[in-house]
Amino acid sequence: MYRPYHPPADPIVVRDLTQQQEEMRTRVRIEPLHAEPTFIAGCDSSFPTPETILSVFVLLRYPTLELVEKVYHVGPVTVPYVPGFLAFREAPNLLKAYEKLQQKPDVIMVDGHGIAHKRRMGIAAHLGVLLDTPTFGVAKSLLTGKFEDPAPRPAAGRRCSTKAN
DNA sequence: GCGACAG
DNA sequence: ATCTTGTCGC
């Protein structure tokens, strides 16, 4: 498969960002949700032009998933993409979009990995710490580590248990 | 030294 | 991430 070329990252900067992640990882909490969520958000960023970042947040009511709010923020790209440091490139702009939400979510789905990261500080964990809000990563490809394919989900309408679930 | 490398 | 052409599976 085609692999993009990543410009060499400034080692001194990488060292500093790594240090920031090492500090932030101590603030990551892994625990179950304290209550059933009422609102769940999803966020992602795109790049209309190489120097422009567009971040979006959608707020959905849970569990119906009806769209409640949709906000975005457009800003300049100031950081290059460096594997392992995606958050420093996208989180700042995502935060600006987040601030525009009238209603804050109980949990957030984030594009990219969470703790499936070399220092357990993928962008989802990064945002979770900064917003002090539960988050989880939704990535489309592997960054690091190994995993086993999950068992296929049962077809709708025919659940295993007969009891309420 | 050589690959791998979220988005 | 983004762009673009070609191929594959249902």
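Quick note on labels: first sequence line is chain A, next is B, and so on, each numbered from 1. Keep in mind it's a predicted model, so treat the numbers as computed, not measured. Hydrogens, waters and symmetry mates play no part in the numbers below; they use all other heavy atoms, side chains included.
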>> Could you tell me how far apart A/Phe47 (CZ) and C/dA1 (C1') are, to the nearest whole angstrom?
In response: 6 Å
>> In whole Å, I'd like the distance from the CD1 atom of A/Ile53 to the P atom of B/dG7.
In response: 14 Å
> Do the side chains of A/Met24 and A/Leu130 get nearer than 4.5 Å, heavy atoms only?
Replying inline: yes
> For A/Tyr81 and C/dA1, is the gap between ring centres under 5.5 Å while the planes differ by less than 30°?
Replying inline: no
>> Over all strands shown, is A/Ile123 touching base, sugar-phosphate only, or nothing at heavy-atom distances under 4.0 angstrom?
In response: base
>> I need the CG-C1' distance between A/Leu142 and B/dG3, as an integer number of Å.
In response: 14 Å
>> I need the CZ-P distance between A/Phe88 and B/dG7, as an integer number of Å.
In response: 18 Å
> Nearest-Å distance, CD (A/Glu90) to C1' (B/dG7)?
Replying inline: 5 Å
>> With a 4.5 Å cut-off on side-chain heavy atoms, are A/Leu127 and A/Thr133 touching?
In response: no
> How long is the line joining CZ of A/Arg119 and P of B/dC5, in whole Å?
Replying inline: 16 Å
> At under 4.0 Å between heavy atoms, what does A/Gly84 touch on the DNA or RNA strands: base, sugar-phosphate, or nothing?
Replying inline: base
> Is A/Val14 reachable from A/Ile12 through a run of I, L, V, M, F, W or Y residues, each pair having side-chain heavy atoms under 4.5 Å apart?
Replying inline: yes
> Phosphate oxygens OP1/OP2 of B/dA6: is one of them under 4.0 Å from a side-chain N or O of A/Lys140?
Replying inline: no
>> Please say yes or no: joined through hydrophobic side-chain contacts below 4.5 Å, possibly via intermediate residues, are A/Phe136 and A/Phe57 part of one cluster?
In response: no
> Rounded to the Å, how far apart are A/Leu143 CG and B/dC5 C1'?
Replying inline: 7 Å
> Given atom CG of A/Leu17 and atom P of B/dG7, what is their separation to the nearest angstrom?
Replying inline: 19 Å
>> Between A/Ser141 and B/dG7, is there a contact of a side-chain N or O with OP1 or OP2 at under 4.0 Å?
In response: yes
> What do you reckon, are the aromatic ring centroids of A/His126 and A/Phe88 less than 6.0 Å apart?
Replying inline: yes
> If you look at every strand shown and take non-hydrogen atoms under 4.0 Å, does A/Phe85 touch a base, only sugar-phosphate, or nothing?
Replying inline: base
